[in-house]
Structures are given as structure tokens and as C-alpha cells.
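Labels below follow one simple rule: chain letters A, B, ... track the order of the sequence lines, proteins then strands, and each chain is numbered from 1.
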Amino acid sequence: MVQNKTITAADPQKKSNFIHMQIDADLAAGKNDGRVHTRFPPEPNGYLHIGHAKSICLNFGLAERYGGKTNLRFDDTNPSKEETEYVDSIMEDVRWLGFDWEDRLYYASDFFPKLHEFAIQLVKEGKAYVDDQDAETISQQRGTPQKPGVESPFRTRSVEENLDLFARMTAGEFNEGEKVLRAKIDMASPNMHMRDPIMYRIMKAHHHRTGDKWCIYPMYDYAHGQCDFWEGITHSICTLEFEVHRPLYDWFVDQLQESDYRPRQIEFARLNLTYTVMSKRKLLELVKDNHVNGWDDPRMPTISGLRRRGYTPESIRNFSDKIGVTKVDGMIDVSLLEFSVREHLNRTAQRVMGVINPLKVVITNYPEGQTEELDAINNPEDESAGTRKVPFSRELYIERDDFMEDPPHKFFRLGPGREVRLRYAYFIACTDVIKDENGEIVELHCTYDPASKGGNSPDGRKVKATLHWVSAAHAVKSEVRMYDRLFNDEDPSGHEDVDFKDFMNPGSLKVLPDCYLEPFVKDSKPFDHFQFERLGYFNMDPDSTPNKPVFNRTVALRDSWAKEQSKQ
RNA sequence: UGACCCGUGGUGUAAUUGGCAACACGUCUGAUUUUGGUUCAGAAGAGUCCAAGUUCGAGCCUUGGCGGGUCAACCA
């Protein structure tokens with residue numbers, strides 16, 4: 001175990017929380033030689049989600065704050081649910097978020113031999129026994145929170161018999177469910193977890209790392225604290241529901257303790273987000289039953305889903321800082337998450353023009369066959385991003401929403417007889433509206449003012465709107481996937497009598513197959529971020545092919561016009 | 001009917017050894033703007049679940065209520 005010689009004082013700039021205070025107190029009391037060592041302990045039975053990101057940022061953030069270390073540990077004590085696929089995705093996600101466990105990658109299964117030895121020690125000390133009863137009987141004997149349990153008839157077995165039976169359990173002589181190893185603590189404890197908890201159960205399952213070496217596997221409560229201990233963890237951060245497990249955590253560590261060093265469990269409130277479900281079981285259900293297209297579906301709150309949606313690691317880390325850490329079981333508004341991406345992407349995303357709901361415009365006084373290259377700014381928030389050329393020609397596409405035949409008062413955009421600016425190009429005025437036999441508008445005829453090249457008119461004439469556009473002949477035809485929240489209800493899991501899936505938003509994905517983007521996007525790679533001006537942030541989806549680029553909408557821009565409209 | 005945890009504007013958090021509640025998101029004005037974005041200026045919004053107590057003084061301490069959460073997998 002490595003000693004951290006330099007413990008830096010807590011950074012007063014960063015917001016404090018109750019865990020900092022407890023660690024400060026531990027440090028002040030001289031505990032654990034002044035070390036701070038945390039761990040992130042996922043079970044590899046699913047993909048990581050934004051709630052895990054909170055925990056990852058917390059654990060690695062603590063280490064950073066105090067000059068300590070953080071281990072990655074896979075809590076793989078239940079082979080029936082765990083898979084290598086999950087191990088790989090978890091490592092990828094933690095790295096993507098920007099954290100590094102260096103050489104400290106552990107698996108609970110690494111400790112199976114030591115755990116087994118320790119179990120034998122407890123048996124020898126008369127602190128553990130083999131119980132022959134089945135699960136149901138044991139469960140009944142355990143009592144209820146308000147009613148004490150009763151002791152198992154096998155509780156008083158001799159050490160010799162227990163040793164023999166446990167050895168035979170280990171050797172595979174018994175069937176699943178036939179026997180368990182239990183800690184001998186207190187069947188009358190007001191804390192259910194202290195009523196002779198099960199340490200080992202028989203599972204004849206293939207483990208993703210230890211193969212068929214074992215046929216008994218340790219329970220979480222028996223494994224976790226000891227793994228912490230052997231890894232030299234000082235602060236074992238977990239979520240609130242483990243609070244009642246703490247006495248048991250401490251009990252096992254007490255039996256193990258051989259020096260002043262001692263890991264300590266601290267619990268915090270897990271993340272709840274509005275309009276989303278966060279339980280792995282529910283996320284797995286969405287995936288398995290094809291309600292979404294896999295764990296990395298951009299509508300999923302998984303790290304891989306958020307990545308594919310276009311979220312950046314920075315934005316998730318900033319979000320994590322903003323929400324803080326407490327023991328209050330609350331619910332955070334998704335709009336805070338959305339704010340975090342916008343904030344980051346506004347500073348960093350390449351601007352580009354793209355028309356997702358095209359309406360053709362012909363500039364009738366612009367020479368046929370002529371093309372001009374106009375200068376456009378790549379990112380107004382970052383001068384070093386430079387400029388690019390955008391082709392302009394006689395036939396263009398603009399957004400359908402940017403034209404109204406009969407515009408209301410507050411509508412600033414194009415209408416019959418109105419003049420607007422095409423960004424970086426010219427002022428244009430609408431002269432004719434062309435419709436098909438159904439009365440649907442199919443094309444606009446406009447004239448441009450050659451003197452307004454670049455977007456300014458020499459006579460100082462003002463326009464009320466600036467529209468994005470794409471030259472029809474140069475456009476890159478693309479598919480754009482418009483994502484919205486997966487659920488319509490603020491708390492889809494919060495209704496006892498209604499299944500969360502009943503709240504799924506049927507409009508959570510709208511595929512627009514015929515969008516036109518400016519040629520600049522031709523060179524982009526999957527996961528590249530853009531702002532489509534006036535529309536939102538988008539990124540290229542890995543489904544893209546050279547012939548058919550695909551973009552996902554990460555989040556829309558703030559839209560005070562849409563807000564104005566929704567007031568009506 | 002038990003044990004443990006929690007209770008600060010709409011939401012999330014903060015408040016140094018107790019010293020008349022700060023910040024962010026959201027909301028609402030207004031300004032600027034070649035993105036109805038960004039930015040900037042400003043406003044509204046809690047007297048800290050309730051009650052009693054200790055104190056010159058309590059969101060912070062004490063007691064009692066009330067409200068919410070967690071715990072009865074051979075899951076983690």
C-alpha cells in the first residue's frame with residue numbers, strides 16, 4: 001500500500017460538502033497516517049449512467065483535493081449477472097470522463113482466496129457457522145424490522161463440524177441452496193443486517209474471471225469492507241441505502257483490524273434526474289425489450305448514451321460539481337444538465353449552417369451558374385477558431401419555420417414582401433410564394449441586394465432577422481436525428497401503480513432524412529461537435545457512412561421565440 | 001410497532017469557532033447583437049418544517065412534534 005506523503009490543504013475555492021468536513025476531521029485527528037484513498041466500485045452487470053458519473057467525480061475528486069488516490073474496483077461477487085462486456089464499457093467510460101486509476105485496477109474476485117481464508121478464521125473463532133436451512137426458512141427466521149429474529153438450530157454447531165462443512169461446501173459437495181455460511185452476530189438486533197448475515201452462498205456458476213474455480217461466492221456485505229481494507233482504502237463512499245449496512249461493514253473490519261488503519265464508510269444521496277429513470281434494472285429492461293437501440297442509445301442516461309448524444313466529459317464533470325453532494329434524497333432538473341452542455345459547447349463548438357426542414361429559395365436576380373465563397377466565423381466565442389468559406393448560389397434552402405405567409409406581429413423572419421439577412425451573405429426580399437396543387441408552399445422567389453454582400457447594407461438599412469441557409473448545389477444531404485426526453489413524466493419511477501414504461505415519450509426520436517448541411521461538415525468524424533446556427537448543438541453519429549452522414553441533436557439552443565410562442 | 005437517515009427560495013446547493021441567509025439553474029424586465037444564441041445590467045422569489053428551550057444573539061446547540069426516505073435477495 002502506497003503512502004501519500006503530501007496531503008494538500010483543501011482548496012478553499014471549491015465548494016465544500018459534508019464529506020470534506022468528515023475527511024478534514026479524520027485528517028486533523030491523524031487517522032490513517034494522513035492518507036486519503038478512495039475507490040469506485042461498480043458491479044459489472046450493466047453500463048454506467050450519469051448517477052455513476054456523480055460517484056466517479058466524487059471519488060476521484062476527493063483524491064485530487066487531498067492529494068490521494070482512487071482505485072477502480074469491479075465488485076464481481078455475483079457471477080450470474082456479471083459479464084466482461086460490462087467491465088470493458090465501464091473502463092472506457094471512466095477514462096472518457098477523464099479519470100485515471102493508473103495501476104490500481106482491482107476486482108473483488110482478486111480477493112476470493114483471502115476472503116475464504118478470513119472466513120475460516122471466523123469459523124475457528126466461533127463467529128461464523130454453516131446453516132443447512134433453505135432460503136425461505138432463513139428469511140422467515142430473520143423476523144421483520146419490528147420483530148426480532150429467531151436463532152437457527154444450526155447456530156451452535158461445533159467449530160470442527162463447521163470447518164468440515166465449509167470445506168465441503170468449497171469443494172462442491174453440496175447443491176446450490178443446500179447450505180450457506182453465516183456470521184454469528186445477533187438475531188435480535190434492531191438492524192436486520194446484523195441478524196446473522198449470509199457470508200457465502202453456493203453458486204455453481206462460471207465466473208467471468210475465476211472461471212469454475214469456485215462454487216461458493218461471497219456476499220456483498222462480506223466482501224466489500226474487506227476489499228476496502230486490503231486495498232488500503234480510507235474513505236469508502238457509497239449511496240444512502242447502504243447506511244444501515246454500516247454496522248455490519250464495521251463488524252467485519254473489526255474482526256480483521258490489525259493496526260490503527262481503518263477504512264470508513266460514508267454515504268451520500270444518489271442522483272435523481274427529472275424525466276429519467278436511473279436504475280440499472282430499468283435501463284436493462286429498456287435495452288433488452290428494444291424500447292431503445294442499445295445501451296448507448298442517445299436517449300439513455302448512460303455515459304455511453306450521453307457521449308453518443310454529444311455530451312462532453314467536461315460538461316458532465318461541471319454538472320457533477322454544480323449539483324453538489326449531500327444526504328438529501330432530492331431530484332435534479334435535467335435542465336441543469338442541459339445547461340452544462342450548452343455552456344461548454346457554446347465555448348467550443350464549430351459553427352456551421354444546416355437546414356433541417358428545407359424550403360427552397362430561388363434568388364431570381366442572381367446570375368444563373370454563379371457561385372461565390374463567403375467568409376463565415378467558426379466560433380464567435382473563440383477568435384482563434386478562425387473563419388471558413390461558405391458557397392452561395394442562386395438556389396438555396398432555408399428553414400421552413402423561418403417563413404410565414406401571414407406572419408403575426410412578433411415574427412421577425414421572412415414573409416411576403418419582407419427583407420431579411422442571410423447570414424454572412426446578402427439581404428434578400430421575398431417576392432413570390434410558389435405553391436403546389438394542395439396549397440402547400442414549395443418554393444420562394446426572392447431578390448437579393450448585391451450591395452449587401454457579407455450581410456451589411458451600405459445605406460445602413462436594418463433587418464429584423466438573420467437566417468441560416470445552405471446553397472442547394474453544394475449542400476451535404478444528411479440524416480438528422482432529433483432527440484427529446486425519453487419520458488413525459490417528471491418522475492417516471494415514482495408511481496406505484498403505473499409502470500415507468502407507460503410514461504415513455506413517443507416523440508423522443510424524430511428522424512429527419514432530408515437535411516442539408518454546408519459542405520464544411522464533409523470532413524467530420526463521428527462524435528465531432530457542431531452548433532448548427534440558430535438550431536442547437538449536434539454531433540456526428542457513428543452510424544454515418546460516406547454517402548449518408550448522420551447527426552444527432554445534443555440539445556437545442558435556448559429559444560426565446562419558441563418560449564414566446566408556447567405562451568399562447 | 002422498531003432502527004437508522006434527512007428537512008434552507010420553484011429546483012440544486014452554501015453559510016468561517018452560534019452574529020439578522022449567499023450562489024447556480026429556472027423565471028421576469030431591459031440593453032447589445034450578422035445566431036430570437038452568447039454577453040451585459042437589473043428584478044421577483046426563502047426568514048431556514050413546526051413548537052418550546054439554552055443564549056445578548058440559533059439555519060447551526062437541546063428537547064418534543066410533524067413530514068419524507070431507507071432496511072425484512074442465498075442482489076449489489
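For B:rU35, the base has a donor-acceptor partner in the side chain of A:Arg351 [N/O atoms by modelled type, under 3.5 angstrom]. With hydrogens and angles ignored, no donor-acceptor pair closer than 3.5 Å exists between the side chain of A:Glu381 and the base of B:rU39. One cannot find a donor-acceptor pair under 3.5 Å joining the base of B:rA72 and the side-chain atoms of A:His193.
With a cut-off of 3.5 Å on both pairing distances, the Watson-Crick or G-U wobble partner of B:rA22 is B:rU13. Across the strands present, B:rA72 finds no partner; the criterion is a Watson-Crick or G-U wobble pair with both atom distances under 3.5 angstrom. Across all strands shown, the partner of B:rA41 is B:rU29, judged by Watson-Crick or G-U wobble contacts whose two distances both fall under 3.5 Å. Shown here, B:rG67 forms a base pair with B:rC6; the pair counts as Watson-Crick or G-U wobble because both key distances fall under 3.5 Å.
Checked against the 6.0 Å centroid threshold, A:Tyr220 and A:His224 count as a close aromatic pair. Ring centroids of A:Tyr222 and A:Tyr217 are separated by 6.0 Å or more, keeping the two rings apart. Aromatic ring centroids of A:His468 and A:Phe532 lie 6.0 Å or more apart. Between A:Trp230 and A:Tyr106, the distance from one ring center to the other does not fall under 6.0 angstrom. Ring to ring, A:Phe268 and A:Phe18 are not that close: their centroids are 6.0 angstrom or more apart.
Side-chain nitrogen and oxygen atoms of A:Arg558 include none within less than 4.0 Å of the OP1 or OP2 phosphate oxygen of B:rG36. Close to B:rA72, at under 4.0 Å from its OP1 or OP2, lies no side-chain N or O of A:Ser139. Listed pair A:Ser560 / B:rG37 meets the phosphate criterion, a side-chain N or O lying under 4.0 Å from OP1 or OP2. Between A:Thr466 and B:rU33 there is no side-chain N or O to OP1 or OP2 distance below 4.0 Å. Proximity of A:Lys563 to the phosphate of B:rC28: a side-chain N or O atom is located under 4.0 Å from OP1 or OP2. Taking only side-chain nitrogens and oxygens, A:Arg270 never comes nearer than 4.0 Å to OP1 or OP2 of B:rC5. Note on A:Arg342: every side-chain N or O is 4.0 Å or more away from OP1 and OP2 of B:rU39.
Between the CD atom of A:Gln265 and the P atom of B:rC5 there is a distance of 13 Å, rounded to whole Å. The distance from atom CZ of A:Arg195 to atom P of B:rA73 is 11 Å, rounded to the nearest whole Å. Distance A:Arg423 CZ to B:rU35 P: 5 Å, rounded to the nearest Å. Going from atom CZ of A:Arg182 over to atom C1' of B:rA73 covers 13 Å, rounded to whole Å. Rounded to whole Å, the distance from CE on A:Met194 to C1' on B:rG2 is 16 Å. Taking atom CZ on A:Phe242 and atom P on B:rC75, their separation rounds to 14 Å, with Å as the unit. The distance between atom CD of A:Glu564 and atom P of B:rG30, rounded to the nearest whole Å, is 11 Å. As a whole-Å value, the separation of A:Arg246 CZ from B:rA76 P is 20 Å.
Residue-nucleotide stacking is present for A:Trp561 and B:rG36, judged by a side-chain ring centre under 5.5 Å from the six-membered base ring centre and planes under 30° apart.
Residue-to-nucleotide proximity on RNA chain B shows that, of A:Gly330 and A:Leu535, the 5′-proximal contact is made by A:Gly330. Residues A:Arg534 and A:Phe339 both approach RNA chain B. Their nearest nucleotides, taken by heavy-atom distance, put A:Phe339 toward the 5′ side.
The only option from A:Leu557, A:Val352, A:Leu345 that meets the side-chain contact (heavy atoms from CB on, under 4.5 Å) definition with A:Gln531 turns out to be A:Leu557.
At the heavy-atom level, A:Ser80 lies nowhere under 4.0 Å from the strands shown.
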